[in-house]
Number of protein chains: 2
Amino acid sequence: MPENPSRPSKQSLRFVRAREAQACAVMEDYVEMIGDLIAELGEARTADIAERMGVAHPTATKAIARLKREGLAVSRPYRGVFLTEEGEAMAHRVRARHRSVVELLVAVGVPRETAEIDAEGIEHHVSQQTLAAFDKYLAGKE
Amino acid sequence: MPENPSRPSKQSLRFVRAREAQACAVMEDYVEMIGDLIAELGEARTADIAERMGVAHPTATKAIARLKREGLAVSRPYRGVFLTEEGEAMAHRVRARHRSVVELLVAVGVPRETAEIDAEGIEHHVSQQTLAAFDKYLAGKE
DNA sequence: TCTTAAGTTTAGCCTTGGCTAAATAAATTT
DNA sequence: AAATTTATTTAGCCAAGGCTAAACTTAAGA
C-alpha cells in the first residue's frame with residue numbers, strides 16, 4: 001500500500017498540520033469570543049456571539065452545540081453560554097497568543113489595524129515553538 | 001434589521017476576512033504544488049499531487065476539478081494537469097509570499113523547520129500590507 | 001394578564017474538503 | 001495481442017460551517 005494518508009510523507013506533513021490547525025480555529029475563535037463577552041457583559045448570548053463573529057444566529061447556535069459536545073462550554077436552553085474550566089483555559093491561551101501575534105506584527109512594521117485583522121487568521125497556525133520565538137523576540141526589544 | 005451578515009459590523013470584520021482567506025487557501029496550495037511538480041517533473045499527475053498534499057486521490061481529483069472550474073488549471077481526462085496563465089500567476093504570487101513568511105519567521109528567531117511548517121498555514125492570512133512590511137523588514141536586515 | 005416583541009432553537013438546504021470502494025482507462029509485461 | 005498492473009475517475013458517504021425560514025420561549029408593554 002504505497003498510499004496511506006494516516007502516515008503522511010515528509011513532504012505532506014505541513015499540509016496535514018495546517019489542516020489540523022484549521023479544524024480547531026473556529027472553536028478557538030468562539031471560545032475566545034464567549035470569554036470576551038462574559039468579561040464585558042457578564043454573560044454571552046447567542047445573538048451577541050453571532051453578531052461579533054459575523055455569522056447568522058443559527059450558525060452560532062450550531063457552533064455552541066459543538067463547543068458543548070466537546071466539553072468547552074455549557075448552557076441551558078434559551079439561556080446564556082458559559083465556559084467550562086477547559087474552555088476558560090483555552091480562551092486564556094488563545095487570547096495570549098493573539099496578543100503576541102499582533103505585537104510581533106507591529107514590531108516588524110505592520111500597521112496596528114492591519115495586524116489586528118491578519119492576526120485573526122494567522123494565530124491559529126502559530127505553534128508553541130513559534131510563539132516562544134515571538135515572545136523572546138518581543139522581550140528582547142525592550 | 002439590526003443583523004445583516006452581508007454588511008458586517010466593525011467588530012466582526014476580521015473574522016469575515018479570515019474566513020474569506022481560508023476559502024482561498026486550499027486552491028492556493030494546490031496551484032503552488034502543481035507549479036512545483038511541473039517545474040520538477042515536467043507535469044503534475046493526480047497521484048503525485050495527492051501524495052504531496054497528504055490526501056487521497058479522489059480528494060485531489062475533486063480539487064483539480066474545482067481549479068479547472070475556476071479557470072486556474074486545465075487538463076484532459078487521464079492526463080496531467082497544467083496551469084492557466086492565471087494559475088501560473090497565482091502560483092508565483094503564492095510562492096513568493098511563502099518565501100517571505102518563512103524568512104520573516106526565521107529572522108525573528110523561529111527554527112527553520114518549524115518556520116516551514118507554520119508558514120503553510122500562516123501565509124494564507126498575510127495581506128498585501130503585511131507582506132510589504134515583511135519584505136521591508138527583511139530588506140533592512142538584508 | 002395578555003399581547004406583542006425579542007431572542008433562541010430547529011429544520012432543512014448548500015458547498016467544501018475529507019474518505020473508501022468500485023469502475024474505467026492507460027501503460028506495461030509477458 | 002492479451003493480460004496484468006497502474007493510474008484516474010466516478011459514486012457515494014460524512015462532518016463542518018455557512019445560510020434562510022419557521023417554530024418556539026422568554027421578556028416587555030399595554
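FYI, side chains are in, hydrogens and waters are out, and symmetry mates aren't considered; it's all heavy atoms of this structure. Per chain, numbering begins at 1; letters A, B, ... match sequence-line order.
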For [X] and [N], what is the distance between atoms [atom1] and [atom2] respectively, to the nearest whole Å?
{"X": "Lys68(B)", "N": "dT9(D)", "atom1": "NZ", "atom2": "P", "answer": "7 Å"}
{"X": "Asp29(A)", "N": "dG18(D)", "atom1": "CG", "atom2": "C1'", "answer": "15 Å"}
{"X": "Arg66(A)", "N": "dT10(C)", "atom1": "CZ", "atom2": "C1'", "answer": "19 Å"}
{"X": "Gln22(B)", "N": "dG18(C)", "atom1": "CD", "atom2": "P", "answer": "10 Å"}
{"X": "His124(B)", "N": "dG17(C)", "atom1": "NE2", "atom2": "C1'", "answer": "14 Å"}
{"X": "His57(B)", "N": "dA25(C)", "atom1": "NE2", "atom2": "P", "answer": "18 Å"}
{"X": "Glu20(A)", "N": "dG18(C)", "atom1": "CD", "atom2": "P", "answer": "12 Å"}
{"X": "Ile49(A)", "N": "dG18(D)", "atom1": "CD1", "atom2": "P", "answer": "13 Å"}

Phosphate-side-chain proximity, [X] and [N], N/O vs OP1/OP2 below 4.0 Å:
{"X": "Arg19(B)", "N": "dG17(D)", "result": "no"}
{"X": "Thr61(A)", "N": "dT10(C)", "result": "no"}
{"X": "Arg76(A)", "N": "dT25(D)", "result": "no"}
{"X": "Arg69(A)", "N": "dA16(D)", "result": "yes"}

(request) Could you tell me whether Thr59(A) contacts a base, only the sugar-phosphate backbone, or nothing, with contacts defined as non-hydrogen atoms closer than 4.0 Å? (result)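 Since a base atom lies under 4.0 Å of Thr59(A), the category is base.
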
(message) Is there a path of hydrophobic side-chain contacts, each under 4.5 Å between heavy atoms of I/L/V/M/F/W/Y residues, joining Leu131(B) to Val106(A)?
(response) no

(message) I want to confirm an ordering. Mapping Lys62(A) and Arg79(A) to their closest nucleotides on DNA chain D, which one lands closer to the 5' end?
(response) Lys62(A)

(request) Nearest-nucleotide wise, let me know which of Pro58(A) and Tyr78(A) is further upstream toward the 5' end of DNA chain D. (result) Pro58(A)

(message) How long is the straight-line distance from CZ of Arg19(B) back to CG of Asp29(A), given to the nearest 0.5 Å?
(response)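 That separation rounds to 9.0 Å.
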
(request) Show your reasoning for whether side chain to side chain contact (heavy atoms under 4.5 Å, CB included) applies to Asp118(A) and Arg17(B). (result) CA-CA 8 Å; Asp118(A) 288 14; Arg17(B) 287 282 175 78; over 6 Å; no

(message) Given dG17(D), dT8(C), dC19(C), identify the nucleotide with an atom nearest to the side chain of Ala56(B).
(response) dC19(C)

(request) Would you mind checking if Arg66(A) and Glu70(A) are paired as a salt bridge, meaning a charged N to carboxylate O distance below 4.0 Å? (result) yes

(request) Report yes or no: do His98(A) and Glu32(A) form a side-chain donor-acceptor pair below 3.5 Å? (result)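 Short answer, no.
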
